[in-house]
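All values reported here derive from a predicted model rather than from experimental measurement. Along the sequence shown, residues carry numbers from 1.
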Amino acid sequence: MAFALLIDREMCVCGAGEKIVDAWSASNNNKAPNLLMGVKIDKAFTVRRPQGIVFDWESVYNSTTVLFELSLNKAASTKMKKRVSKLEMAAESSDREVMEQQRKDSRSGRTLLLKGQMMYLRDIDALIYLCSPLISDLQELGDMGLYLNDLHDHGLSKEMVFNGFSHYSKLDLLCEKEEARAEELETSLALADSWKKQGDELLYSMIPKTLAERLQNGEDALDCVTKYDCASVIFAETTIKIADGETLEDAMKTVNILNTVFSSFDELVTSPISYKVETVGMVYMAVSGAPDLNPLHTFHAADLALDMLESIQRLNKEIGGVSVKIGFHSGPLVAGIVGLKVPRYCLFGDTVNTASRMESSSLPDKIQTTGTTAAILMKSKYELSYRGKRKC
């Protein structure tokens with residue numbers, strides 16, 4: 001038999017299977033195979049199971065119904081021999097260390113691990129260990145110097161190897177599925193990230209980014225209401241001349257022109273110097289000094305109004321029939337988020353109303369402001385003319 005051991009009453013090896021002899025010889029620097037004969041069984045092998053058993057004749061003879069696991073001992077290196085000699089006085093500790101090393105070797109597939117049953121042979125007064133190697137895959141089989149044909153046909157070793165192939169095939173299939181799921185997840189995460197960016201851009205178009213981030217962090221909308229001692233509000237109302245007998249095509253042309261006007265205004269609004277609040281019909285509303293504090297908000301509002309007027313004048317040269325009335329005013333106001341489903345950044349206070357009146361009472365292609373705001377602008381290089389008292 002390729003895998004079997006004969007043990008006499010002195011617990012010495014008196015017979016061994018061909019494959020066990022080959023494995024012992026290979027693990028002991030290719031010593032003569034016959035040197036295994038007469039070696040104490042506990043010198044050539046280590047009992048892994050059952051644990052705690054005293055490996056003598058009496059104990060083994062009374063445990064013939066128990067499955068034994070034995071691992072082949074490898075030849076100790078010179079370094080290990082010196083180490084063991086230094087620990088002779090602590091034999092129990094060193095035995096545990098050597099046993100642990102052997103267990104590690106057996107787990108890594110570098111030594112032969114046997115599993116089988118002890119039986120008593122009355123005719124020759126010896127114990128026979130009928131066993132099979134414990135193999136989980138072909139890699140371990142090759143590490144032990146064995147071939148698949150070396151395994152018993154009646155044992156479980158071949159079945160374990162074949163089951164291992166089946167298991168690994170299933171595992172590979174599961175890994176492939178998980179990789180595919182991981183790729184789908186990465187694609188979904190990238191798509192979700194893209195949607196989040198689009199959502200953030202849409203949110204920031206309705207709410208200032210600083211306030212939107214505060215709301216996303218869980219702050220209440222009422223906590224985001226801010227009072228400003230002074231800010232400048234700008235209104236610009238566009239007028240488009242339409243011929244009599246307007247048709248649907250003319251209405252579409254009006255929408256396209258208005259979109260072009262507001263788009264040009266959007267390019268002029270630059271954060272944090274100014275912020276676009278909203279558009280209502282033909283009216284464009286912006287603010288400087290809120291939500292970001294800006295001590296030069298009056299001058300920046302004036303610059304924005306002049307740029308709007310210049311933009312309309314260029315557009316009017318291209319398509320004609322377009323004019324704008326602009327008005328702005330500087331003063332205290334309150335700003336905050338209004339609405340739940342479609343939240344908007346809104347401004348409140350007399351400053352907003354006054355700026356709206358400046359726009360509505362202005363002349364086409366002119367910029368109108370209040371006396372208090374004009375007084376601030378006259379301290380700089382802006383040119384202003386007094387229009388006189390107007391009833392708004």
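Criterion: ILVMFWY side-chain heavy atoms under 4.5 Å apart, direct or through other members. Under it, Phe68 and Val13 are part of a common hydrophobic cluster. Hydrophobic clustering places Val269 together with Leu296 (ILVMFWY residues linked when any side-chain heavy atoms are closer than 4.5 Å, directly or through intermediates). The hydrophobic cluster containing Leu6 does not contain Val39, counting ILVMFWY residues as joined when their side-chain heavy atoms lie under 4.5 angstrom apart, directly or transitively. Ile7 is connected to Val66 through a chain of hydrophobic side-chain contacts under 4.5 Å among Ile, Leu, Val, Met, Phe, Trp and Tyr, so both are in one cluster. Taken together through direct or relayed side-chain contacts under 4.5 Å among Ile, Leu, Val, Met, Phe, Trp and Tyr, Leu268 and Leu258 form part of one hydrophobic cluster.
To the nearest 0.5 angstrom, Ser63 atom OG is 11.0 Å from Gln117 atom CD. We find the CG-NZ distance between Asp193 and Lys197 to be 4.5 Å, quoted to the nearest 0.5 Å. Between the CG atom of Asp292 and the OG atom of Ser271 there is a distance of 5.0 Å, given to the nearest 0.5 Å. The line from CG of Leu306 to OH of Tyr382 is 7.0 Å long, rounded to the nearest 0.5 Å. Here Glu359 contributes atom CD and Glu237 contributes atom CD; the two are 4.5 Å apart, rounded to the nearest 0.5 Å. The NZ atom of Lys209 lies 12.5 Å from the CG atom of Leu211; values are rounded to the nearest 0.5 Å.
A donor-acceptor distance shorter than 3.5 angstrom exists from the side chain of Thr354 to the backbone of Asp350, with no hydrogens or angles considered. Checked by atom type and distance alone, the side chain of Thr351 pairs as donor or acceptor with a backbone atom of Pro332 at under 3.5 Å. The backbone N or O of Phe328 lies less than 3.5 Å from a partner atom in the side chain of Thr369, making a donor-acceptor pair. Checking side-chain atoms of Tyr275 against main-chain N and O of Ala286 turns up no donor-acceptor pair under 3.5 Å. At least one donor-acceptor pair closer than 3.5 Å links the side chain of Asn256 to the backbone N or O of Met252. A donor-acceptor pair under 3.5 Å links the side-chain atoms of Tyr228 to the main chain of Pro291, judged by distance alone. Put simply, the side chain of Asn62 gets close to the backbone of Glu58: a donor and an acceptor are under 3.5 Å apart.
Here Leu191 sits in one hydrophobic cluster together with Trp195; the rule is ILVMFWY side chains under 4.5 Å apart, joined directly or through other members.
No side-chain donor from either of Ser288 and Ser232 sits under 3.5 Å from a side-chain acceptor of the other. Between the side chains of Ser263 and Asp266, no donor-acceptor pair of N or O atoms lies under 3.5 Å.
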| task | In sequence, state the C-alpha distance, the side-chain angles, and the governing distance for Ser274 and His300, and then conclude on side chain to side chain contact (heavy atoms under 4.5 Å, CB included). | result | CA-CA 8 Å; Ser274 54; His300 289 154; over 6 Å; no
| task | Could you check Glu69 against Leu114 for side chain to side chain contact (heavy atoms under 4.5 Å, CB included), going step by step and ending with a plain yes or no? | result | CA-CA 5 Å; Glu69 286 187 17; Leu114 302 171; over 6 Å; no
| request: Assess whether ring-ring contact (aromatic ring centres under 6.0 Å, His included) is satisfied between Phe55 and Phe45, documenting all intermediate values. | output: CA-CA 11 Å; Phe55 205 42; Phe45 296 89; 9.0 Å; no
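Counting only heavy atoms from C-beta outward, the side chains of Gln313 and Leu309 approach each other to under 4.5 Å. Counting heavy atoms from C-beta outward, Glu278 and Tyr284 have side chains that stay 4.5 Å or more apart. You'll find the side chain of Phe235 reaches within 4.5 Å of the side chain of Val352, heavy atoms only. Side-chain contact check for Val47 versus Ile53: some heavy-atom pair is nearer than 4.5 Å. You'll find the side chain of Leu127 stays beyond 4.5 Å of the side chain of Leu121, heavy atoms only. Counting heavy atoms from C-beta on, the side chains of Ser330 and His297 come closer than 4.5 Å. Looking at Arg48 and Leu113, their side chains come closer than 4.5 Å, going by heavy atoms from C-beta outward. Residues Leu347 and Met285 meet the side-chain proximity criterion, which asks for heavy atoms closer than 4.5 Å.
Residues satisfying the side-chain hydrogen bond (donor to acceptor under 3.5 Å, both in side chains) criterion with Arg344, sequence neighbours excluded, are absent altogether. Thr373 meets the side-chain hydrogen bond (donor to acceptor under 3.5 Å, both in side chains) test with His329, Thr370; sequence neighbours excluded. Partners of Ile312 under the side chain to side chain contact (heavy atoms under 4.5 Å, CB included) rule, at least two apart in sequence or in another chain, are Val261, Phe265, Val322, Val324, Asp365.
Nearest heavy-atom pair, Glu219 versus Cys224, reported as atom, atom and distance to 0.1 Å: OE1-SG, 4.5 Å. Heavy-atom minimum distance, Lys325 versus Ser360: NZ-O, 3.2 Å. Nearest heavy-atom pair, Ala305 versus Ile326, reported as atom, atom and distance to 0.1 Å: O-CD1, 3.4 Å. Pairing each heavy atom of Cys131 with each of Ala4, the nearest pair is SG-N, 4.2 Å. Heavy-atom minimum distance, Met308 versus Ala236: SD-CB, 3.9 Å. Across all their heavy atoms, Ala302 and Leu377 have their closest contact at CB-CD2, 3.8 Å.
With respect to the salt-bridge test (charged N to carboxylate O, under 4.0 angstrom), the residues Arg181 and Glu184 do not qualify.
Within a 6.0 Å radius of NZ in Lys366, other residues, nucleotides and ligands contribute 12 heavy atoms or fewer.
Sorted by first then second residue, the salt bridge (charged side-chain N to carboxylate O under 4.0 Å, His left out) pairs that include residues 298-315, not counting sequence neighbours, are Glu310-Arg314. Pairs of residues two or more places apart, or lying in two chains, that qualify as side-chain hydrogen bond (donor to acceptor under 3.5 Å, both in side chains) and include a residue from residues 4-14 are Arg9-Asp125.
Checked against the 6.0 Å centroid criterion, the rings of Tyr61 and Tyr120 qualify as a close aromatic pair.
Just one of Val287, Leu304, Val277 meets the side-chain contact (heavy atoms from CB on, under 4.5 Å) condition when paired with Ile234; it is Leu304.
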